[in-house]
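Below: the structure, in structure tokens.
Just so it is clear: chains get the letters A, B, ... in the order the sequence lines come, proteins before strands, and each one is counted from 1. Everything numeric here is computed off the predicted structure, so don't read it as measured data.
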Number of protein chains: 2
Amino acid sequence: MGRRGDHSIEQIKEMALDAAETIVREQGYHHLSTRKIAKAIGYTVGTLYMVFENLDELILYLNGRTLDQLYEVIEPLVQRQDDPKRCIHEMTHTYLNFALQNRSRWNMVFEHRLPEGKDVPGWYPNKISELFNLLETPLRQLHQGESEQEIALKARVLWSSVHGICALALTHSLQHLGFDSPEPMIESLLKQNL
Amino acid sequence: MGRRGDHSIEQIKEMALDAAETIVREQGYHHLSTRKIAKAIGYTVGTLYMVFENLDELILYLNGRTLDQLYEVIEPLVQRQDDPKRCIHEMTHTYLNFALQNRSRWNMVFEHRLPEGKDVPGWYPNKISELFNLLETPLRQLHQGESEQEIALKARVLWSSVHGICALALTHSLQHLGFDSPEPMIESLLKQNL
DNA sequence: ACCTGAACACCGTTCAAGT
DNA sequence: ACCTGAACACCGTTCAAGT
């Protein structure tokens, strides 16, 4: 067998990522496997290793897509330059909704770890950085006169805090802690920090 | 073969948990397997299923232990009733240190998910709840006159925020975000919230 | 009653062999 | 050059069979 030439490498890459996204969405991160992906796109596992270094790299690209999608829905909100507080409220609310509505994929972004020693390619933390930076514009308006260093710190602390609440919401831990929704927690956080 | 009777069920359970703890500590969560645990305690995999329902349950007990250990180091700090702010600083600092020094096990507490539909036994979220409650005492002193509901909310928001920062610190994400230590982020958070 | 060993249905990854 | 199929070294879980 061999040599079909039905698709270019780029095409196979995209087909694989699409298939993987569907599997994660429908069955969850831990049910994703190279064999399932290969079967879904009509190729054998070996072919995946022509296109990706390994499963970890494939997941990295998939997480990159997820981060891009989040950026796409958050970035437009920054334009609302008139009311920085409201802007931040909308950003966190959008973040929360995105995480809840793309539960499995969002989980994967935070649960996936590269094997000891291997570290992520530069473009990946860049995507995260860009997301964090989105908060800086409204925060700069809100805390005028503060140094850029201070604004950057505030943005990172705020995102991390929202993420922490969100992480607990995703594990259903909140229910056991006496809260059935993360919204009031986010509100409390923002009231304190804005 | 069969029927050795060298150890009681309780003993095997403890041996298995000890062995699992060592494997996680030395090789990380994702390298933990029933076969490795069984080999380490000198039994076959089958025996583990006499003692635990499955690997998920074993991990749940292990995570329970980790939560207990964290409680043991945090609880004594609550006694310091004189200065609630300083008390909270010490609690978060201790939490952070614990997470950093028990990286793999702490990761496991937050990464481990039960299969869809299965939910955790009541004693597990109780342990988490007790940890959250530890923050309530100093917070009550700090925000006198506020309702218990409000204090509980504040405690949960604060712990979640610290956890969010800590989670980013554990993934080394912070380095890429321009911070080599979570300490200044925690400081900024507490300055804002206390 | 307790424990084993083998089996089943899965994994990720590699690579000689085929077209 | 591209792709397969089989192999290797692993998984979690079950259960007939042995003592």
Side-chain angles (χ1 to χ4, degrees), chain A residues 1-17 19-20 22-24 26-63 104 108 111-118, chain B residues 1-17 19-20 22-24 26-63 104 108 111-118:
Chain A
M1 319 272 165
R3 179 142 199 84
R4 309 182 346 192
D6 295 352
H7 305 92
S8 71
I9 296 234
E10 252 347 285
Q11 282 176 318
I12 295 178
K13 194 166 179 168
E14 223 178 281
M15 290 162 64
L17 287 175
T22 304
I23 293 167
V24 172
E26 292 175 353
Q27 310 179 39
Y29 167 31
H30 291 102
H31 289 94
L32 181 65
S33 77
T34 53
R35 286 169 150 95
K36 280 183 188 168
I37 298 168
K39 196 178 176 188
I41 65 173
Y43 280 86
T44 15
V45 262
T47 303
L48 288 177
Y49 288 83
M50 271 176 48
V51 178
F52 299 99
E53 203 196 318
N54 50 35
L55 182 59
D56 280 325
E57 201 201 37
L58 189 154
I59 292 176
L60 220 59
Y61 280 111
L62 206 52
N63 285 344
S104 302
M108 190 166 68
E111 285 186 22
H112 180 247
R113 301 267 182 279
L114 289 178
E116 197 75 26
K118 279 269 194 184
Chain B
M1 320 277 164
R3 180 144 198 81
R4 312 184 341 194
D6 296 349
H7 305 92
S8 71
I9 295 232
E10 254 344 288
Q11 281 175 318
I12 295 178
K13 194 165 178 169
E14 223 178 281
M15 288 161 64
L17 288 174
T22 303
I23 292 167
V24 172
E26 292 176 352
Q27 310 179 39
Y29 168 31
H30 291 102
H31 289 93
L32 181 65
S33 78
T34 53
R35 287 170 149 96
K36 280 183 188 168
I37 298 168
K39 196 177 176 188
I41 64 172
Y43 280 86
T44 16
V45 262
T47 305
L48 288 177
Y49 288 83
M50 273 177 46
V51 176
F52 299 99
E53 204 197 318
N54 50 35
L55 181 59
D56 280 325
E57 201 201 38
L58 188 153
I59 291 176
L60 220 60
Y61 281 112
L62 205 52
N63 285 344
S104 300
M108 189 167 69
E111 285 185 21
H112 181 248
R113 301 267 182 281
L114 289 178
E116 198 75 24
K118 279 272 194 182

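The salt bridge (charged side-chain N to carboxylate O under 4.0 Å, His left out) pairs that include a residue from residues 43-54 of chain A are A:E53-A:K118, where partners are two or more places apart or lie in different chains. Note on residues 29-38 of chain B: pairs passing side chain to side chain donor-acceptor pair (under 3.5 Å), not counting sequence neighbours, are B:Q27-B:K36. Within the structure, no pair that satisfies the salt bridge (charged side-chain N to carboxylate O under 4.0 Å, His left out) test touches residues 40-51 of chain B, not counting sequence neighbours.
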Problem - Paired and unpaired positions of DNA chain D as dot-bracket, Watson-Crick or G-U wobble under 3.5 Å, | denoting a partner strand - result: ||.|||||...|||||.||
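Partners of B:D56 under the side-chain hydrogen bond (donor to acceptor under 3.5 Å, both in side chains) rule, at least two apart in sequence or in another chain, are B:H112. With sequence neighbours excluded, no residue forms a side-chain hydrogen bond (donor to acceptor under 3.5 Å, both in side chains) with B:E116. Every residue meeting the side-chain hydrogen bond (donor to acceptor under 3.5 Å, both in side chains) condition with A:H7, not counting sequence neighbours, appears here in chain and number order: A:Y43. With sequence neighbours excluded, the residues that form a side-chain contact (heavy atoms from CB on, under 4.5 Å) with A:E10 are A:S8, A:K13. Contacts of B:K39 classified as side-chain hydrogen bond (donor to acceptor under 3.5 Å, both in side chains), with partners at least two apart in sequence or in another chain: none.
Near DNA chain C, meaning a heavy atom under 4.0 Å away, the residues from residues 52-60 of chain A are A:N54, A:L55. Shown for residues 36-47 of chain B: residues whose heavy atoms fall under 4.0 angstrom of DNA chain D, namely B:K36, B:V45, B:G46.
For the C1' atom pair drawn from D:dA16 and C:dC3, the interatomic distance equals 12 Å after rounding to whole Å.
Counting any heavy atom pair closer than 4.0 Å across all strands shown, B:I12 reaches sugar-phosphate atoms only and no base atom.
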